[in-house]
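Because the structure is a prediction, the values reported are computed rather than measured. First the proteins, then the strands, lettered A, B, ... as listed; each starts at 1.
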Amino acid sequence: MATRARPLAMPALRLREVLTGGRTLSLGGADGWLLTDIAALCALGLVMVYSASEALGYLWFENPNYFFLRQLLGMGLGVCALVILARTDYHRFHRLTPAVGLCTVALLILVLLPHLGTEANGARRWFTIGPMSVQPSAIAILVSVLFFARWLAERAPAIRTARGVRDYGLLVGILLGLVLLERDLGSSIIIAGTALALLALGGVRKHHLLVLLGLVMAGGYMAIMLVSYRSSRVTNFTHPCDDPLKTGFQACQALYALGSGGFAGVGLGNSVQKYQWLPEAHTDFIFAIIGEELGLLGTVSVVLAFTLLLWRGVRASLRAPDAYGALLAGGITAWIGIQAFVNIGAVTGVIPTTGIPLPFISYGGTSLAVTLAGVGILCNVSAQGRRQGVALRAHVDRRRRDGRSPDAGAGSRPGAASS
Amino acid sequence: MSRRRNPVPSPRLRGWFVADAPDFRHRSRWLALAFLAMAITLTARLLDVQVRQHSALATAAAALHQKSVVIPATRGRILDSTGRVLVSNRTIYDVYADPGLIQVATRGDVARRLAPALSMDTTSIDSLISKPTRFVYLSKGVSQDVSDRLTALQLPGIVVVPAEQRVYEPSPVGGSSFAANLLGYVNNDGHGQYGLESYYESVLHGSDGRQSTVRDVAGNSITLSNDPQADARNGNDLQLGLDSQVQYWAEQALAQGVASAQASSGTLIMMDTKSGTIKAWAQAPTYDANSYWASPIASLRDLAVANVYEPGSVEKVVTFAGGLNAHAITPGYTFNEGPTTINGATIHDWDNRAHGTINMQYVLDLSLNNGAIKIGQLMGPDAFYSNQLAFGIGAPTGVDLAGEQNVPLPAQPSQSPLDLAEDAFGQHVQVTPVEVLAAINAVANGGVWVQPHAVQAVIDPSTGRSTPVVPTTRRVISAEAAATLSQMMTGVVEDKGGEGSLARIPAFKGQVAGKTGTASVAQNGRYGDNLVVSFAGFLPAKNPQFTMLVVLNYPHEGFVQRFGATLAAPVWKQVAQVTIDQWRILP
């Protein structure tokens with residue numbers, strides 16, 4: 001009768017169960033290469049944000065952890081978004097896209113209103129919510145991928161006509177106009193580039209694509225030359241150090257940082273350029289601090305990590321179970337790739353300076369969370385495609401019996417493309 | 001059920017889209033190619049920037065980052081022979097305002113609060129801080145006390161910066177500082193000017209420390225662990241041979257002597273006979289080194305080393321030394337003295353008389369030019385000329401003071417018999433007071449010339465190690481000749497009719513050796529009315545302790561008795577008596 005004394009032990013805290021409400025956490029067979037790569041980039045990002053911002057955080061907020069903690073918050077939100085989206089069938093976004101798109105457009109307009117939006121550096125493009133500031137234009141990039149992917153998937157035959165291309169161009173133009181109202185050239189470049197990539201993936205005729213490329217370049221040239229602060233950036237990007245203390249200051253300081261790093265870098269935490277020599281050292285120019293502290297080894301590693309990410313994205317796109325998935329995966333991949341190139345290209349002086357964060361690494365909660373959300377969708381497309389791919393290889397006979405033309409892997413046969 | 005297990009897209013799924021839409025997934029490969037091109041471009045650029053341009057960019061960046069902070073060395077002190085501090089340092093404070101940081105509305109309040117602390121009136125402060133500038137001095141050189149009060153006020157835009165200032169002791173003569181011409185001063189840039197401050201600049205200054213730090217864009221130092229740093233090495237102290245007591249009286253006596261003779265200037269220098277260290281170094285008029293900028297430039301010049309003059313009869317000591325050393329004469333050598341005519345020019349004695357048959361002691365006592373010429377003729381031009389060179393006439397002594405001048409003797413072949421004759425009694429030759437002092441001192445020192453020098457030892461304040469200054473010496477004449485001449489020079493003071501009778505000191509009867517000098521000053525190639533009167537001497541003659549020279553330039557023409565004997569000798573005697581008392585010199 002005597003009850004045996006139960007061992008006075010704490011119930012085993014099973015983190016996984018707490019996080020998932022008792023269910024086993026699964027990313028549904030997501031791409032392990034992709035997730036490892038993203039995790040590595042995010043980890044490097046956290047370390048570098050801390051290193052690049054501790055002095056600034058202390059100077060401005062008397063808290064060396066100020067930026068680090070906010071980045072951690074953004075990353076937490078982003079990882080949640082990634083996990084949820086990776087576990088959500090991407091086809092669900094198809095129905096949600098119009099509503100999400102309208103909300104985003106509303107946010108883009110609302111942020112321009114005084115009292116609602118927060119102004120900084122001459123641009124009103126943030127909502128301040130508690131400790132975080134949300135930048136609608138960063139959200140707009142992901143939403144534009146969702147929107148254009150759906151639009152292209154629905155109008156697959158129409159896009160091969162000039163009329164379809166014109167309609168698409170008008171939509172993109174309206175969105176770009178909204179983003180440019182916030183004087184956010186960086187985001188508009190990413191949106192334009194991604195939309196163009198999506199158009200190519202969506203099956204636009206090659207000569208239409210060439211005409212569009214020409215138009216975009218001419219438009220971009222106009223947009224840059226009409227605004228003096230942008231044109232001075234462009235005219236100075238070739239030789240920034242000719243006038244290192246004036247117009248070429250930031251670009252030149254970025255080169256100083258990269259050059260000082262050399263092959264192996266000055267060592268983690270030992271950057272001097274982060275002491276306000278390099279403006280935006282923890283945000284748009286964090287790649288320069290990576291170059292200074294970790295040297296060529298660090299910078300080339302980052303480039304390789306992005307290349308791996310892009311390869312996995314392209315692979316997911318190629319293996320996507322349907323056109324919508326392929327467009328989603330391709331769009332997200334193109335977005336991240338273009339943003340990374342524009343950022344690193346600006347820091348290294350390959351292209352003129354534009355204000356755009358380096359995905360996964362730069363300080364900026366909204367951008368980080370949105371990028372991770374995008375990767376979540378990419379994971380889902382990748383997972384479905386892989387399952388299909390495995391299935392395809394395993395059930396060749398069954399597919400034949402279905403009497404359907406094979407879709408996955410169709411790209412390997414040029415004949416299929418023009419069917 | 002089977003459809004669930006089979007992940008092949010169902011027709012329903014595909015039905016979300018346009019049925020049988022053309023599929024362009026293969027175009028993702030375009031993306032792949034584009035990304036590859038981007039990655040290659042970026043990698044190439046990174047190799048270019050981080051490897052090829054590494055050293056150039058790193059150097060340029062370092063040049064931008066490095067900030068060199070100078071840690072000023074503390075300038076060495078100057079001490080007298082007993083260790084008394086003659087020159088020291090103190091920290092003063094300059095107060096300036098940045099009117100740009102003072103709000104217009106608060107100007108009146110700021111001025112009201114500053115006024116009592118700075119001892120200035122409110123309106124003048126108000127006008128200063130209302131200037132449209134970012135920098136205006138409110139007050140310079142305020143004390144620590146005032147600085148503390150200003151700091152306590154915590155007013156924005158008011159800055160107090162410390163600065164090091166040299167402190168010089170006051171002189172007994174009003175309006176000047178102690179031994180000003182010997183010491184020199186330190187200018188606003190921290191560089192020594194004139195005298196010891198200039199000559200020993202590198203020793204006194206030490207070496208400034210330098211800390212090289214990395215700075216941020218605002219110029220703030222970033223403390224990294226491996227900053228190269230060079231500590232400041234403070235300047236060394238100078239231990240002088242100067243006797244402050246004697247100097248004190250010498251300055252007063254000379255000032256009085258110059259004033260009563262209404263001379264334009266005067267010099268009194270004294271050296272220790274045997275060691276050659278400078279014991280007194282007075283000048284009139286002199287200046288206040290604490291406010292050197294307010295003094296006339298002429299008073300800054302150290303006349304004892306920089307003033308070239310014709311010494312007159314004091315030079316006869318050198319002539320006599322040569323004659324005695326060469327055995328050309330003896331004190332008792334007799335000859336018929338009278339005006340000498342050389343190359344058509346007739347040279348008279350100061351009294352315009354012919355003195356008949358006299359001996360050499362008489363010549364020296366009465367300072368007869370023609371007697372000195374006789375010695376030169378007895379020696380012959382070669383010996384006479386080389387004797388002058390041996391005594392350092394026309395050569396720098398190398399005294400450790402800045403700005404020593406000299407006019408070299410003309411080369412011997414260019415010297416006419418008339419030139420040599422004039423040299424014998426101290427006209428035509430050009431010397432500085434310190435040259436004359438060293439020459440007379442060679443006689444006092446048994447025939448050995450000793451380099452005069454102000455500094456006895458250089459002391460490193462951190463270790464206390466003392467490095468003595470060793471003067472150069474050389475034998476000029478034999479000890480016998482020197483002893484004979486010393487004895488003869490006492491006659492100048494003691495003998496009946498001796499020129500130097502005003503330098504007699506009763507307790508030292510027969511022990512005061514001296515020689516007067518009264519020289520005409522050449523102007524525009526002719527000897528005019530201006531005179532330089534001087535008296536040189538040493539005591540006690542048998543074992544001299546010090547050698548002193550007094551020179552008065554251009555005494556007022558109204559004096560009938562414008563002679564070294566009458567104007568310079570009393571000054572000499574006054575300081576000699578003080579020195580005897582101070583040093584407890586026994587006859």
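In this structure, chain B has a heavy atom under 4.5 Å from the side chain of A:T307, while its backbone stays farther away. For B:V49, the parts lying under 4.5 angstrom from a heavy atom of chain A are both the backbone and the side chain.
Expressed to the nearest 0.5 Å, how far CG of B:L46 lies from CG of A:L297 amounts to 11.5 Å. Here NE2 of B:H54 is found 11.0 Å from CG of A:L296. Values are rounded to the nearest 0.5 Å.
Within the 3.5 Å criterion, the main-chain N or O of A:G291 finds a donor-acceptor partner in the side chain of B:Q50. For the pair B:R45 (side chain) and A:T348 (backbone), a donor-acceptor distance under 3.5 Å is present.
When A:G261, A:G345, A:G295 are compared by the number of non-hydrogen pairs under 4.5 Å with chain B, A:G295 comes out ahead. The choice from A:A334, A:G330, A:G337 that makes the most heavy-atom pairs within less than 4.5 Å of chain B is A:A334. Ranked by non-hydrogen atom pairs under 4.5 Å with chain B, the options A:L310, A:V303, A:V266, A:L327 are led by A:L310.
Closest approach of A:S260 and B:A61 over heavy atoms only: OG-CB, 3.5 Å.
B:R233 CZ: 12 or fewer foreign heavy atoms inside a 6.0 Å radius.
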For residues 196-206 of chain A, tabulate all N or O donor-acceptor pairs below 3.5 Å that involve a side-chain atom, not counting sequence neighbours.
residue: A:R205; atom: NE; partner: A:R160; partner atom: O; Å: 2.9

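Under the ring pair (Phe, Tyr, Trp, His ring centres under 6.0 Å) criterion, A:H208 pairs with no residue at all, not counting sequence neighbours.
Interface with chain A: from residues 30-43 of chain B, residues B:W30, B:L31, B:A32, B:F35, B:M38, B:A39, B:T41, B:L42, B:T43 qualify, criterion being any non-hydrogen pair under 4.5 Å. Listed by sequence position, the residues of residues 135-145 of chain B in contact with chain A number zero, using a 4.5 angstrom heavy-atom cutoff.
For the pair A:W277 and B:H65, the minimum side-chain heavy-atom distance is below 4.5 Å.
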